[in-house]
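Notes follow the structure.
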Amino acid sequence: MTDAENTGVPFFRPSLDTAEEKAVLSVLRSNWLTTGKEALAFEKEFSNFITLPAAEEKRTAEGLETSPILSIAVNSNTSGLTLALDACGIKEGTAVITTPYTFVSTAATAQKLGAEVCFADIEKDSYSISPENIEAILKKDRQHKIRAILPVHVGGNVCNMEAICFLGKKYGVKIIEDAAHSFPAPTNLGYAGTIGDAGVFSFYATKTITTGEGGMVCTRDPEIAKRMVSMRMHGMDRTTWDRYTSPKASWEYDIIDAGYKYNLPDILAAIGRVQLKKAQELYRKRKNIVAIYNEAFAKFDFVELPPTSVGNAWHLYMIRIIPQKLKINRDSFAKKLQQKGIGISVHFIPLFHFTYWKNTYPEFRSENFPNAEHKYQTSISLPLWPGMSENDVLRVIQAVKETGEQNHA
């Protein structure tokens with residue numbers, strides 16, 4: 001028996017092997033550990049990967065930018081969101097629109113920059129922010145404080161970016177995609193995360209490709225990119241690699257603004273370069289597991305399959321229980337799966353359930369966001385990772401089947 005068979009099926013395991021080990025050793029032996037040539041190479045390779053020539057014609061027809069994609073490696077998605085918001089002019093006196101159905105960093109980064117956060121409920125039939133609810137907020141913005149919309153591609157399921165980009169153009173606001181879950185998700189307008197003015201990917205341990213911790217910010221706007229590169233390293237006008245490898249004296253630099261320390265070191269970038277080469281294969285394995293799950297769960301009347309979209313990255317597999325078909329609620333269902341050795345999670349706890357956000361915005365209550373609240377009360381994320389064996393997948397299916405049948409209404 002394998003460890004997984006003895007202990008259960010974990011919610012996630014990264015797909016790493018000796019190639020990543022060799023890449024890390026190479027960096028250690030190079031004597032250059034911080035952001036350098038590995039990070040620069042990772043940025044270029046990532047830009048090449050997410051450029052879809054076939055999508056440029058569609059982008060032109062939609063009136064969207066078709067300049068080359070510029071990638072900036074950072075130490076987390078959260079750092080990337082901060083840089084993108086800053087570069088798009090988000091500061092005190094401005095406001096942004098995002099979804100309550102997300103991880104806390106999406107809204108917190110805007111809040112930390114001094115901006116007001118406006119929340120739009122998600123769509124009834126998906127986990128994605130509703131374009132109709134976004135526009136309702138924009139119409140009330142008499143002072144024109146709103147400067148950006150932050151759609152979140154929850155679980156890898158891509159938002160309605162055509163509608164959201166239309167609103168961006170109509171109301172003159174930036175579109176910054178929280179693409180933490182969406183790599184690699186190709187759509188008609190390009191990869192999710194490259195459709196708006198900026199997009200931020202995550203390479204956290206559970207993501208489709210990982211650097212352990214890390215992220216990538218992408219934009220087609222050279223001025224936005226220039227600002228982010230500088231602010232990533234304390235507001236310096238020169239990178240560390242340039243200061244120590246160019247003929248110009250290393251101590252000669254300027255500080256253009258009070259920046260941050262958000263760079264990705266070469267050790268992690270080296271892992272990312274190896275993972276990027278595996279990205280399509282890892283994505284294929286995820287989709288194969290999803291196909292097996294979908295076929296099995298479609299037969300159960302007590303669960304609903306996850307919503308999907310063009311280019312779904314399938315970062316998460318989120319089933320929804322159907323309460324009227326069961327004698328137990330989501331929490332009990334989830335705990336029974338755990339008791340059967342199945343690692344599960346819940347994505348997401350809407351932000352209006354957290355003390356900080358309730359205290360900051362008194363009107364921020366579950367009754368004002370019925371779609372987000374309903375999804376939260378009924379959703380469970382099941383194990384989905386490329387290295388899952390056939391037995392792992394069947395164990396998950398069997399556990400869901402038994403739990404549903406044993407507690408059927």
Side-chain angles (χ1 to χ4, degrees), residues 76-123 126-141 144-161 163-168 170-182 192-193 195-202 215 217 219 347-354 356-361 363-366 368-373 375-376:
S76 72
N77 170 271
T78 303
S79 298
L81 285 170
T82 302
L83 292 174
L85 287 164
D86 167 85
C88 289
I90 302 306
K91 57 186 176 181
E92 189 173 353
T94 67
V96 303
I97 299 174
T98 193
T99 167
Y101 210 90
T102 183
F103 186 61
V104 65
S105 60
T106 311
T109 48
Q111 185 82 2
K112 285 292 185 182
L113 288 169
E116 179 185 346
V117 184
C118 306
F119 294 98
D121 201 4
I122 60 176
E123 297 171 323
S126 80
Y127 295 94
S128 298
I129 190 168
S130 161
E132 291 78 12
N133 292 334
I134 291 173
E135 185 160 31
I137 295 172
L138 286 167
K139 285 180 177 179
K140 296 177 182 177
D141 182 31
H144 303 289
K145 291 174 63 178
I146 296 170
R147 304 291 175 82
I149 302 168
L150 278 71
V152 182
H153 305 302
V154 179
N157 187 48
V158 183
C159 297
N160 184 349
M161 291 304 297
I164 292 171
C165 287
F166 173 80
L167 292 176
K170 180 178 178 180
Y171 291 92
V173 299
K174 298 290 187 182
I175 308 298
I176 302 171
E177 298 171 77
D178 186 338
H181 291 185
S182 69
I195 301 170
D197 296 282
V200 190
F201 297 90
S202 173
V217 196
T219 183
H347 296 83
F348 287 101
I349 302 173
L351 300 187
F352 49 71
H353 279 282
F354 295 116
Y356 172 79
W357 293 103
K358 287 190 290 187
N359 290 344
T360 303
Y361 299 108
E363 74 283 3
F364 195 28
R365 294 290 184 268
S366 60
N368 296 324
F369 303 89
N371 295 336
E373 178 64 10
K375 292 291 195 305
Y376 165 58

Under the rule for salt bridge (Lys or Arg N to Asp or Glu O under 4.0 Å), what residues qualify as partners of [X], not counting sequence neighbours?
| X | answer |
| --- | --- |
| Lys170 | Glu135 |
| Glu123 | none |
| Glu132 | none |

Problem - His153 backbone acceptor or donor facing Glu177 side chain under 3.5 Å - result: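 Between the backbone of His153 and the side chain of Glu177 there is no qualifying donor-acceptor contact (under 3.5 Å).
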
Exercise for the section: Kindly say whether Asp197 contributes a backbone atom to a donor-acceptor pair with the side chain of Thr219 at under 3.5 angstrom? Expected result: yes

Handout entry: side-chain hydrogen bond (donor to acceptor under 3.5 Å, both in side chains) against Thr109, all qualifying residues, sequence neighbours excluded
Key = none

How long is the straight-line distance from [atom2] of [Y] back to [atom1] of [X], given to the nearest 0.5 Å?
| X | Y | atom1 | atom2 | value |
| --- | --- | --- | --- | --- |
| Ile90 | Leu150 | CD1 | CG | 8.0 Å |
| Leu167 | Cys165 | CG | SG | 9.0 Å |
| Lys358 | Arg365 | NZ | CZ | 6.5 Å |
| Asn133 | Ile129 | CG | CD1 | 8.0 Å |
| Phe369 | Phe119 | CZ | CZ | 7.0 Å |
| Asp178 | Asn77 | CG | CG | 5.0 Å |

Does [X] have any side-chain contact (heavy atoms from CB on, under 4.5 Å) partners at least two apart in sequence or in another chain, and if so, which?
| X | answer |
| --- | --- |
| Ala95 | Glu116, Cys118, Lys145, Ile146 |
| Asn371 | Asp121, Ile122, Lys124 |
| Ile349 | His353, Phe354, Tyr376 |

Results of ring pair (Phe, Tyr, Trp, His ring centres under 6.0 Å) for [X] - residues two or more places apart only:
| X | answer |
| --- | --- |
| Phe348 | His181 |
| Phe103 | none |
| Tyr127 | Tyr101 |

Completion exercise
Quick note, side chain to side chain donor-acceptor pair (under 3.5 Å) partners involving residues 81-94, not counting sequence neighbours, are Asp86-Arg227

Smallest separation among heavy atoms of [X] and [Y], with atom names:
| X | Y | answer |
| --- | --- | --- |
| Gly193 | Ser182 | N-OG, 4.4 Å |
| Ala192 | Ala179 | O-CB, 4.3 Å |
| Ala110 | Val117 | CB-CG2, 4.2 Å |
| Cys159 | Pro151 | SG-CB, 4.0 Å |
| Gly168 | Ile175 | CA-CD1, 3.9 Å |

For the residue pair [X] and [Y], establish whether any side-chain heavy-atom pair is separated by less than 4.5 Å.
| X | Y | answer |
| --- | --- | --- |
| Leu351 | Val104 | yes |
| Tyr171 | His144 | no |
| Cys88 | Arg147 | no |

Handout entry: Test log, rule side-chain contact (heavy atoms from CB on, under 4.5 Å), inputs Ile176 and Val96
Key = CA-CA 10 Å; Ile176 302 171; Val96 303; over 6 Å; no

Handout entry: Parallel, tilted or perpendicular: rings of Phe364 and Tyr361 (30°, 60°)
Key = perpendicular

Practice task
Using the ring-ring contact (aromatic ring centres under 6.0 Å, His included) rule, collect all pairs that involve residues 78-100, keeping only residues at least two apart or in two chains.
Solution key: none

Exercise for the section: Apply side-chain contact (heavy atoms from CB on, under 4.5 Å) to Ser128 and Asn160, showing your working. Expected result: CA-CA 8 Å; Ser128 298; Asn160 184 349; over 6 Å; no

Practice task
Kindly check if the number of other-residue, nucleotide or ligand heavy atoms within 6.0 Å of CZ (Phe166) is above 12?
Solution key: no

